[in-house]
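So that the names make sense, note that chain A is the first sequence line, chain B the second, and so on, each numbered from 1.
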There are 2 protein chains.
Amino acid sequence: MKEELRIFNAFIRAKGLRRTVQRERILEVFLATERHISTEELYRLVKKCHPAIGFVTVYRTMRLLVESGLCGEIDFGDGLIRFEHKYGHRHHGHLICLKCGRFIEVVNPEIEELQEKMARRHNFRPTKHKLEIFGFCQRCA
Amino acid sequence: MKEELRIFNAFIRAKGLRRTVQRERILEVFLATERHISTEELYRLVKKCHPAIGFVTVYRTMRLLVESGLCGEIDFGDGLIRFEHKYGHRHHGHLICLKCGRFIEVVNPEIEELQEKMARRHNFRPTKHKLEIFGFCQRCA
DNA sequence: GATATTCTTGAAAGTAATTTTCAATAACTA
DNA sequence: TAGTTATTGAAAATTACTTTCAAGAATATC
């Protein structure tokens, strides 16, 4: 059994919720794709193997996954919320291509460090942060 | 005449569009407020002095202002797009308080420099970027 | 294992912000 | 000044997300 499923079940139990077939299937499908994916896209993938599962259940399950910490929300400002795996992933920023829409995940501890310092200078207690760089990738430049 | 208005008129002319009273009034009201403001909020301000100007005109004018570079869009992920002055302002990130909603603008050339480097390392040509740090301000911590 | 309780589901309806449509009007061009 | 084309404001449409609700499913209790 995948570690993520174990975490999810623990989370479900801790909140007094119920394990359901739908939730497990949705988590499986989510874990099986490595792309950043919107609720609508995930719903379409889920429907391929499990036609009886509805959009709203996918939507609600994603909220639980976010709350459990297994899944992160990304908002590139194009009016769509996407999700990415969070378990076992370091915090990262994104280089987003304005032409082809592809993106690169970037990890940079130096920048993170400077951010922390900057927050402290303003007596601000940071909980999460977001770094997005828009531009053109090698292929589209 | 304000420099911003001159820039806006040049932009309008270059695009083969037309100068209108409404657009100038909306720009004036936008420039007169220093807050980050949504289309709806700006519309309400505009309506106070110019009741005949409609929401859609404000909406469309803001798009032109963004395109002209006079105005920047901010998306804190709360489902509302806000606008800020861009002419004569250095690029800055935001420290956003999750409790009271207030934010601090922060300028940090070191971080900007590291971002540039990081982009180059990935053969990425950056055009704009966004740094947002969420957390709690001194008052709400 | 049966029963009661409460959560979960899926469809449909609702919400909120943004965006488009369209006919009347206004600004520029020749 | 007349003709062309952009602009306006109201209303309708769109989009993504969120809530509602009745039927069904999972867990706890007996």
Engineer: Any N/O pairs under 3.5 Å between the protein and nucleotides 26-30 of chain D? List them or say none.
Structural biologist:
from	atom 1	to	atom 2	distance (Å)
D:dA26	O3'	A:Arg19	O	3.4
D:dA26	N3	A:Arg18	NH1	3.1
D:dT27	OP1	A:Arg19	N	3.2

Engineer: Could you check whether B:Tyr59 and B:Tyr43 have their ring centres less than 6.0 Å apart?
Structural biologist: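 Judged by ring-centre distance (under 6.0 Å), B:Tyr43 and B:Tyr59 do not meet the cut-off.
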Engineer: Between B:Val56 and B:Gly16, name the one whose nearest nucleotide on DNA chain D is closer to the 5' end.
Structural biologist: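 Looking at the nearest nucleotide for each, B:Gly16 comes out on the 5' side.
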Engineer: When you look at A:Val66 and A:Lys86, which way does the side-chain contact (heavy atoms from CB on, under 4.5 Å) test go after all the steps?
Structural biologist: CA-CA 9 Å; A:Val66 170; A:Lys86 212 166 154 190; over 6 Å; no
Engineer: Is it true that the side chains of A:Glu41 and A:His36 contain a donor and an acceptor less than 3.5 Å apart?
Structural biologist: no
Engineer: Which nucleotide, C:dT18, D:dC17, C:dG10, lies nearest any side-chain atom of B:Thr39?
Structural biologist: C:dT18
Engineer: Starting at CG of A:Asp75 and ending at P of D:dC17, how long is that distance when rounded to a whole Å?
Structural biologist: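 Result: 9 Å.
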Engineer: Send over the distance from A:Tyr59 OH to C:dA11 P, rounded to a whole Å.
Structural biologist: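 Atom-to-atom, A:Tyr59 to C:dA11, this comes out as 17 Å.
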Engineer: Map B:Ser38 and B:Ile12 onto DNA chain C by nearest heavy atom, then report which one ends up closer to the 5' terminus.
Structural biologist: B:Ser38
Engineer: Would you find a donor on one side and an acceptor on the other, under 3.5 Å apart, between the side chain of B:His50 and the backbone of B:Lys48?
Structural biologist: no
Engineer: Are the aromatic rings of A:Phe134 and A:His94 close, with centres under 6.0 Å apart?
Structural biologist: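 A:Phe134 vs A:His94: aromatic centres not under 6.0 Å.
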Engineer: Output the rounded distance in Å from CZ (A:Arg60) to P (D:dT20).
Structural biologist: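 It works out to 11 Å between those atoms.
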Engineer: Without decimals, in angstroms, what is the distance between B:Ile53 CD1 and D:dT7 P?
Structural biologist: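 In whole Å, D:dT7 P lies 15 Å from B:Ile53 CD1.
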Engineer: Atom NZ of B:Lys47 to atom C1' of D:dT8: distance rounded to whole Å?
Structural biologist: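 So the NZ-C1' distance, B:Lys47 to D:dT8, works out to 16 Å.
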Engineer: Please say which of B:Asn108, B:Leu114, B:Val107 ends up in a side-chain contact (heavy atoms from CB on, under 4.5 Å) with B:Ile111.
Structural biologist: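 The single option meeting the side-chain contact (heavy atoms from CB on, under 4.5 Å) with B:Ile111 is B:Asn108.
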Engineer: Have a look at B:Arg23 and say if it touches a base, only the backbone sugar-phosphate, or nothing, with a 4.0 Å heavy-atom cut-off.
Structural biologist: sugar-phosphate
Engineer: Is B:Ile104 reachable from B:Ile37 through a run of hydrophobic residues whose side-chain heavy atoms are each under 4.5 Å from the next?
Structural biologist: no
Engineer: Using atom CD of B:Glu41 as one end and atom P of C:dT18 as the other, report the distance to the nearest whole Å.
Structural biologist: 11 Å
Engineer: Could you tell me how the ring of A:Phe11 sits relative to the ring of A:Phe8: parallel (under 30°), tilted (30 to 60°) or perpendicular (over 60°)?
Structural biologist: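 Correct class here is parallel.
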Engineer: Using a strict cut-off of less than 4.0 Å between a Lys/Arg side-chain nitrogen and an Asp/Glu carboxylate oxygen, indicate whether A:Arg44 and A:Glu40 qualify as a salt bridge.
Structural biologist: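 Yes, A:Arg44 and A:Glu40 are salt-bridged.
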Engineer: Please report, rounded to the nearest Å, how far the P atom of C:dT9 is from the CD1 atom of A:Ile26.
Structural biologist: 7 Å
Engineer: Could you go through nucleotides 13-15 of chain D and list every protein N or O atom that sits under 3.5 Å from one of its N or O atoms, giving the distance for each pair?
Structural biologist:
none

Engineer: Do the side-chain N or O atoms of A:Arg82 get closer than 4.0 angstrom to the phosphate oxygens (OP1, OP2) of D:dA16?
Structural biologist: no
Engineer: Please report, rounded to the nearest Å, how far the P atom of D:dG9 is from the NE2 atom of B:His50.
Structural biologist: 12 Å
